[in-house]
Amino acid sequence: MNTMANRNEVRLQKFMADCGIASRRKCEEIIDSGKVKINGHIAQIGDKVNVKKDIVTVRGKRINKATQMRYIMLHKPRGYVTTVSDDRGRKTVMELVKDVDERIYPVGRLDRDSEGLLLLTNDGALANAMTHPKHNFAKTYRVTVRPAVSDEMLYDLRNGIEIDGRMTAPCDVTIISQEQGRVVLEFVLHEGRNRQIRKMCDAVGLEVARLKRTSMGSLKLGMLPQGKWRELNENEVKKLLRSAEKAEKIEKE
């Protein structure tokens with residue numbers, strides 16, 4: 001195979017992510033389910049595609065690389081699941097951005113009962129960098145808990161708790177405010193396990209009454225109204241892309 005052909009070849013999951021299908025990890029799941037074909041043949045994880053020649057279909061529809069990158073911040077309300085579609089008929093965050101023409105998808109997740117900052121994009125490289133566990137993108141959450149928080153609870157939350165058979169990574173936990181039977185905490189996490197904060201709080205005897213993500217990396221939710229979205233400004237995009245480039249270099253080292 002000549003040099004030009006090699007230059008046009010990329011891993012299938014990267015190509016799918018660049019086309020705005022999902023993050024690379026989610027694309028691997030779709031490939032593994034047998035719903036992806038290359039030139040009419042069922043694809044396997046590890047396959048590469050020639051972006052100039054090969055025809056790739058997902059669930060029978062041909063996909064093409066996005067021509068315009070979109071970076072959107074959504075203030076997710078409670079009651080919406082963070083998926084592109086839901087086979088149980090629940091409301092998804094895509095209903096809140098249905099007026100966006102490009103095919104975009106959520107970066108990471110917020111569970112149905114949580115709210116706050118959610119990034120949606122069709123930039124597969126950025127999505128991969130922000131969700132890959134090795135890259136340690138900080139995420140900040142404001143969490144209201146009941147009833148009261150002891151010093152011992154704070155110590156355990158900060159230093160690691162065993163959930164789902166393994167310890168959580170150390171994180172920053174700060175008391176923002178407290179009153180009788182109610183405390184507002186700020187969590188800064190560098191990992192993104194499923195329902196992590198809720199499970200951590202449950203493990204030390206705290207009930208989560210409200211959970212809101214306020215930042216992801218350099219991106220801040222600010223005063224964006226709940227249920228609304230906006231395009232990221234040029235400076236915000238540049239900061240995220242610079243962070244993603246650094247993460248990509250670290251991964252290659």
Side-chain angles (χ1 to χ4, degrees), residues 10-38 42-49 51 54-66 68-74 76 80-98 100-114 116-137 139 164 189-197 199 213 216-217 219 229 232 240-241 243-244 247-248 251:
V10 297
R11 290 189 178 276
L12 176 58
Q13 62 267 34
K14 180 183 185 305
F15 176 70
M16 291 171 61
D18 289 344
C19 290
I21 300 302
S23 67
R24 289 191 203 177
R25 283 190 290 170
K26 182 64 177 178
C27 286
E28 288 177 353
E29 294 176 16
I30 299 172
I31 296 167
D32 200 40
S33 71
K35 296 174 182 176
V36 182
K37 292 183 179 180
I38 303 173
I42 294 176
Q44 306 291 330
I45 291 177
D47 284 350
K48 291 186 176 182
V49 294
V51 297
D54 291 330
I55 296 173
V56 179
T57 58
V58 177
R59 301 182 183 91
K61 293 183 178 180
R62 184 173 181 176
I63 62 172
N64 294 289
K65 189 172 181 178
Q68 181 182 356
M69 293 298 180
R70 299 292 297 270
Y71 305 90
I72 286 170
M73 179 200 297
L74 170 70
K76 176 193 173 300
Y80 290 80
V81 293
T82 309
T83 56
V84 173
S85 60
D86 184 70
D87 55 11
R88 294 164 58 184
R90 296 174 295 181
K91 295 184 293 185
T92 80
V93 293
M94 304 312 295
E95 296 175 34
L96 301 172
V97 293
K98 58 187 176 182
V100 177
D101 292 333
E102 288 78 14
R103 185 203 297 262
I104 57 174
Y105 56 88
V107 177
R109 66 167 72 89
L110 278 174
D111 67 53
R112 187 181 184 185
D113 297 322
S114 298
L117 192 161
L118 187 65
L119 176 64
L120 299 100
T121 186
N122 53 3
D123 187 335
L126 176 65
N128 181 65
M130 293 196 71
T131 55
H132 199 292
K134 291 182 180 178
H135 298 160
N136 296 321
F137 269 85
K139 295 175 285 292
D164 300 328
L189 302 186
H190 293 271
E191 58 182 348
R193 293 160 63 178
N194 185 37
R195 298 179 66 86
Q196 179 172 339
I197 291 177
K199 291 178 180 179
R213 182 158 63 199
M216 293 176 67
L219 196 59
W229 64 269
L232 299 193
L240 287 179
L241 293 178
S243 298
E248 193 77 21
E251 188 174 3

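Since the structure is predicted, the reported quantities are computational estimates derived from the model, not experimental observations.
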A side-chain contact here means heavy atoms from C-beta on lying under 4.5 Å apart; do [X] and [Y] qualify?
| X | Y | value |
| --- | --- | --- |
| Lys37 | Val56 | no |
| Met94 | Leu120 | yes |
| Val84 | Arg103 | no |
| Tyr105 | Thr83 | no |
| Gln44 | Asp32 | no |
| Ile38 | Leu12 | yes |
| Leu189 | Ile197 | yes |
| Leu117 | Met73 | yes |

Looking at [X] and [Y], would you say the former's side chain and the latter's main chain have a donor-acceptor pair under 3.5 Å?
| X | Y | value |
| --- | --- | --- |
| Thr121 | Arg70 | yes |
| Thr82 | Leu110 | yes |
| Lys139 | Phe137 | yes |

- Message: For Lys35, give me all partners under salt bridge (Lys or Arg N to Asp or Glu O under 4.0 Å), at least two apart in sequence or on another chain.
- Response: none
- Item | Set of salt bridge (Lys or Arg N to Asp or Glu O under 4.0 Å) partners for Arg195, sequence neighbours left out | Asp111
- Item | Interatomic spacing from OG in Ser33 to CZ in Arg59 - rounded to 0.5 Å | 6.5 Å
- Item | Spacing of Arg112 atom CZ and Arg90 atom CZ [to the nearest 0.5 Å] | 6.0 Å
- What do the steps show when you test Ile72 against Leu232 for side chain to side chain contact (heavy atoms under 4.5 Å, CB included), and what is the final call? CA-CA 6 Å; Ile72 286 170; Leu232 299 193; over 6 Å; no
- Pair Leu219-Leu119, side chain to side chain contact (heavy atoms under 4.5 Å, CB included): steps then yes or no: CA-CA 9 Å; Leu219 196 59; Leu119 176 64; 4.2 Å; yes
Could you pull out the closest heavy-atom pair between [X] and [Y], with the gap in Å?
| X | Y | value |
| --- | --- | --- |
| Glu95 | Lys91 | OE2-CA, 3.3 Å |
| Cys27 | Ala17 | SG-N, 3.8 Å |
| Val93 | Pro106 | CG2-CG, 3.9 Å |
| Lys76 | Ser114 | NZ-O, 2.6 Å |
| Phe15 | Val51 | CD1-CG1, 3.7 Å |
| Leu240 | Met216 | CD2-O, 4.4 Å |

- Sole residue of Arg24, Glu28, Arg25, Lys26 in side-chain hydrogen bond (donor to acceptor under 3.5 Å, both in side chains) with Gln13: Glu28
- Message: Within the 3.5 Å criterion, strictly below it, is a donor on Asp123 or Tyr71 matched to an acceptor on the partner's side chain?
- Response: yes
- Stepwise side chain to side chain contact (heavy atoms under 4.5 Å, CB included) test for Ile63 and Lys61: CA-CA 6 Å; Ile63 62 172; Lys61 293 183 178 180; 5.7 Å; no
